[in-house]
Every structure is written in structure tokens, then in C-alpha cells.
Amino acid sequence: MKEETKIIQNILSDPLTGAISTPIYQTSTYVQKSPGVHKGFDYTRTNNPTRKILEQLISKMEYGFSGIAFSSGLAAIDAVLKLLKSKEEIIAVDDIYGGTFRTMKLYNKFGIITKFIDTTESNNAITNITKKTKLIWLETPTNPTLKISDIKEISKRSKKINKNILIVVDNTFASPVIQNPIKLGADIVIHSATKYLSGHSDVLSGLVIVKDQNIYEELKYIQNSTGGVLSPFDSWLTIRGIQTLYLRVKKQSKNAFKISNYLNDKKRKLGIDKIYYPGLYYHKNHDIALKQQKYFGSIISFSLIKDTEEMARKVVTSTKLFKLAESLGGTKSLICNPSTMTHKSIPFDIRIKSGIQSSLIRLSVGIENVEDLIEDISQALIMII
Ligand SMILES: *Cc1c(COP(=O)(O)O)cnc(C)c1O
């Protein structure tokens with residue numbers, strides 16, 4: 001079966017009633033026949049039938065041993081970080097999601113240190129490995145400058161040095177439609193399902209998919225001990241969203257490809273300085289993108305010749321179709337200024353080093369008609385010239 005078919009077929013219908021739409025098992029507990037004798041469910045923090053359908057679905061989509069659903073992407077990330085012991089280290093991509101950066105910083109007080117480095121050069125990841133390295137944490141493409149790391153090469157070379165190093169890939173920006181990190185050698189895949197997977201900007205949801213049974217059991221233990229589970233209703237919303245994932249990501253990627261080419265052609269006329277989109281032939285990591293990804297995705301970032309937050313503010317408040325908001329991956333096109341919004345918590349010098357200029361603008365391209373979107377963004381840019 002092809003991927004599109006597999007997604008739909010892997011949403012199992014309800015074994016009890018045959019309901020084709022997954023029922024929302026809105027319950028906290030389950031009646032037992034005698035103490036400890038039950039149908040596999042005893043308390044919803046531990047297990048819930050609606051959540052289980054989602055976990056089975058995402059596991060199949062990402063070629064894992066099993067999936068675990070969390071109350072948000074960051075709850076999922078936090079649980080994975082709890083695999084570490086004090087004095088163990090993480091090597092992470094420098095252009096990391098702001099919330100992940102914050103969580104990693106929080107773990108400093110428990111003696112867990114993260115080295116943030118540019119993993120687009122695989123060598124950087126490899127030469128920074130020490131005896132203490134437990135995780136290599138990749139995000140690819142990154143947010144917002146869409147840097148791409150070579151998952152296959154980094155996995156292969158790091159495991160040669162120490163086979164116990166775990167490769168974690170935050171696959172939020174690609175979605176399973178664009179790449180499947182476990183197939184490329186990763187051990188753990190994370191999704192903020194809040195974004196593409198749910199796809200309608202109506203839920204917070206986080207998913208972890210693991211390759212290995214031992215790590216699955218460890219993570220399941222961590223989740224059950226700390227409680228960041230996805231509710232039955234939010235599990236249902238995530239399943240519902242995933243059903244159209246392929247259609248959406250395909251259309252969004254095609255839209256973004258056209259918009260990036262338009263912006264590139266009219267660059268000077270529109271006052272644009274740099275454009276970051278992996279589909280552009282001159283993007284720093286275009287070659288890896290071609291090799292590793294099925295599509296180039298629907299996030300485009302660009303900076304302005306007049307490089308100030310004030311100029312960016314003018315643009316992001318002048319679009320009508322692109323709504324000014326954080327987040328990404330939904331059906332509706334969004335626009336934001338990372339340095340004053342999503343990436344505010346990253347210190348200025350680190351921000352600049354990873355290319356997040358003051359005027360940087362990030363587009364999350366939706367499923368609208370591409371000509372309407374092009375007209376909208378160009379009228380906003382022309383206003384500041
Ligand atoms: C949004 C996001 C997260 C955090 O997910 P939440 O669901 O908002 O908690 C993590 N990683 C990436 C790449 C994200 O875009």
C-alpha cells in the first residue's frame with residue numbers, strides 16, 4: 001500500500017461497536033471484573049482506547065515500535081529529556097525550537113548539559129561527542145531558517161563511536177509525509193502534533209515514536225509517573241486531523257514552492273534581503289533536502305533589506321490573508337516575526353549567530369489559493385519600500 005492509503009487503513013475502527021469514526025472514550029476509570037482483571041484498561045492516565053488508536057496510527061506512520069501521545073509537544077520533549085541521568089550530555093542543533101531550548105536550559109539545574117552546535121555540518125555533531133553524550137537532538141528542517149541536518153549520516157557515524165547514543169529527531173517541521181527519521185537511523189521521533197498532524201490550529205498535542213521496546217517501556221513509565229497525557233477528546237481531534245495530512249502537506253508544499261520562487265524573482269523590488277527555503281537551489285542545504293525529503297515543506301522565512309523589527313512589524317501587520325500568529329502547519333496561512341515572537345527567549349547573540357535577524361519574517365503557508373497568497377504578501381511588502 002502507498003502511504004496515503006496506509007494512513008487511512010491504519011485508523012482502526014472501534015473493536016467493540018464497529019464505529020468507523022474513533023469513539024471518544026471520555027472516561028477516567030474502567031470497571032474491573034475482579035481486582036486487576038480488566039480489558040487492558042484500568043485508569044486513563046495509563047491507557048485510554050481513543051489515545052491508543054492514535055498511538056498505533058502514528059507508530060505505523062513513522063515505522064516505530066510504538067507511539068506515545070502527550071498533552072503537548074513540549075510534554076513529549078520533557079519526557080524524552082527525562083531519559084537522561086545527571087552528568088549526561090546532549091548535543092543539539094543550535095537553531096532549535098525556542099521552547100525546547102528553554103526546557104533544555106531548565107535541565108541544567110539537574111546537571112544535564114546541552115551543547116548547541118550547527119549540525120548541518122555532520123562533522124560538528126560527531127566531533128563534539130564525548131563519553132558523556134547520551135542524546136543527539138536534531139530538528140530538521142529547523143525553525144525559522146530551515147537548516148537541514150543529514151539524519152542518516154549523523155546516525156551512522158555517531159553509532160560507530162558509541163552505539164548507545166540515541167538519535168532524537170523533532171520531526172514537527174517535516175511531518176511524516178516528508179520524511180521518516182526512524183528509516184534513516186533515528187531512535188526517537190517527536191512531533192508537536194499541534195502543527196501539521198492535527199493541522200487545524202485547534203489542539204495542543206505531542207507524540208513520541210520509538211524504535212526500540214526498552215526505550216518505549218522507559219518512556220511509558222516516565223509518562224505514567226508524571227502525567228502529561230493527551231486527553232481523549234484531543235486524541236480524537238489529532239486522529240481526525242491526520243486523515244487529511246497528505247492532502248494538506250502536499251498542497252501547502254506546492255503553494256510554498258511557488259511563493260518562494262515568486263519572492264526570489266522579485267527580491268529587490270520587494271525589499272527582501274535573504275530568503276530561506278530548502279526548495280531554492282541556492283539554499284545552503286538544498287542538496288540534503290533533495291535527498292532526504294519528499295517535499296520542501298511549507299515554511300518560508302525571509303529578511304528585509306531594512307533590517308529592523310519595526311520594518312518587520314509593518315509587514316506582518318499589513319497582510320490580510322496571512323494572519324499574524326505564532327505556530328504553523330495549519331490550514332490557514334500565518335505570518336510572524338520570530339525575534340519578537342517565537343524566538344524572543346533565545347539570547348540575542350545566539351539568535352543572530354543562527355541567522356535570526358531582527359527583520360526576519362516567517363510564513364506558514366496554508367491551503368488557500370496560491371495567487372491570492374502571493375498578492376497578499378506582495379502588497380504588504382510594497383508598502384514598506
Ligand atoms: C511547536 C513546536 C514544539 C512544541 O510543541 P507544543 O505542542 O507547542 O508544546 C516543539 N518543536 C517544534 C519544532 C515546534 O514547532
Side-chain angles (χ1 to χ4, degrees), residues 51 54 58 62 67-82 90 92-107 114 116 119 135 137-149 151 168-179 181 186 188-209 223 226-231 233-235 237-238 241-242 245 249 252 276 278 293 297-301 325-330 334-336 338 341-346 354 356 360 362-366:
R51 201 165 75 228
L54 170 62
I58 191 64
E62 284 288 23
I68 311 177
F70 291 85
S71 53
S72 70
L74 277 176
I77 285 163
D78 181 64
V80 172
L81 292 175
K82 289 195 170 83
I90 305 168
V93 58
D94 53 2
D95 199 10
I96 201 162
Y97 175 72
T100 311
F101 178 83
R102 245 183 346 247
T103 314
M104 286 172 170
K105 283 282 170 201
L106 201 59
Y107 273 83
T114 305
F116 295 97
T119 55
L135 300 183
W137 193 287
L138 304 176
E139 241 181 64
T140 176
T142 61
N143 174 23
T145 61
L146 305 155
K147 286 190 195 168
I148 294 171
S149 300
I151 301 170
V168 180
V169 178
D170 183 333
N171 205 26
T172 301
F173 266 56
S175 91
V177 176
I178 286 180
Q179 75 198 3
I188 299 174
V189 177
I190 295 170
H191 282 284
S192 167
T194 309
K195 318 291 167 54
Y196 289 99
L197 290 169
S198 296
H200 296 74
S201 311
D202 53 10
V203 64
L204 286 188
S205 175
L207 299 170
V208 176
I209 306 93
Q223 186 189 46
T226 53
V229 296
L230 193 62
S231 77
F233 183 59
D234 290 348
S235 299
L237 278 171
T238 308
I242 287 174
L245 181 71
V249 170
Q252 286 170 268
Y276 302 92
Q293 301 184 192
S298 63
I299 309 296
I300 305 167
S301 296
E326 299 194 357
S327 200
L328 59 118
L334 303 179
I335 191 166
C336 79
M341 296 169 73
T342 50
H343 287 63
K344 209 169 42 189
S345 67
I346 297 184
S354 42
I356 307 169
L360 197 76
R362 185 188 79 188
L363 304 178
S364 169
V365 178

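Atom set for the values below is all heavy atoms of this structure, side chains included, hydrogens, waters and symmetry mates excluded. Ligands are counted one by one from 1 in listed order, and the atoms in each one are counted from 1 as well.
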**Message:** Checking Ser205 against Ser198: is there a side-chain donor and acceptor pair closer than 3.5 Å?
**Reply:** no
**Asked** Does Glu62 reach the main-chain N or O of Ile190 with its side chain, forming a donor-acceptor pair under 3.5 Å?
**Response** no
**Asked** Taking only residues two or more places apart in sequence or in another chain, which ones pass salt bridge (charged side-chain N to carboxylate O under 4.0 Å, His left out) with Arg51?
**Response** Glu55
**Prompt:** Regarding Lys195 and the six-membered ring of Tyr97, is the cationic atom NZ or CZ under 6.0 Å from the ring centre and inside 45° of its axis?
**Reply:** yes
Between ligand 1 and the protein, give all atom pairs where both partners are nitrogen or oxygen and the distance is under 3.5 Å, as lines of names plus distance to 0.1 Å.
unit_1, atom_1, unit_2, atom_2, d
ligand 1, 5 (O), Ser192, OG, 2.9
ligand 1, 7 (O), Gly73, N, 2.8
ligand 1, 7 (O), Ser192, OG, 2.9
ligand 1, 7 (O), Thr194, OG1, 2.6
ligand 1, 9 (O), Gly73, N, 3.1
ligand 1, 9 (O), Leu74, N, 2.9
ligand 1, 11 (N), Asp170, OD2, 2.7
ligand 1, 15 (O), Lys195, NZ, 2.7

**Asked** Got a sec, which residues hit side chain to side chain donor-acceptor pair (under 3.5 Å) with Gln179, two or more places apart in sequence or on another chain?
**Response** Asn171
**Message:** Test: salt bridge (charged side-chain N to carboxylate O under 4.0 Å, His left out). Region: residues 138-149. Which pairs qualify, not counting sequence neighbours?
**Reply:** Asp94-Lys147
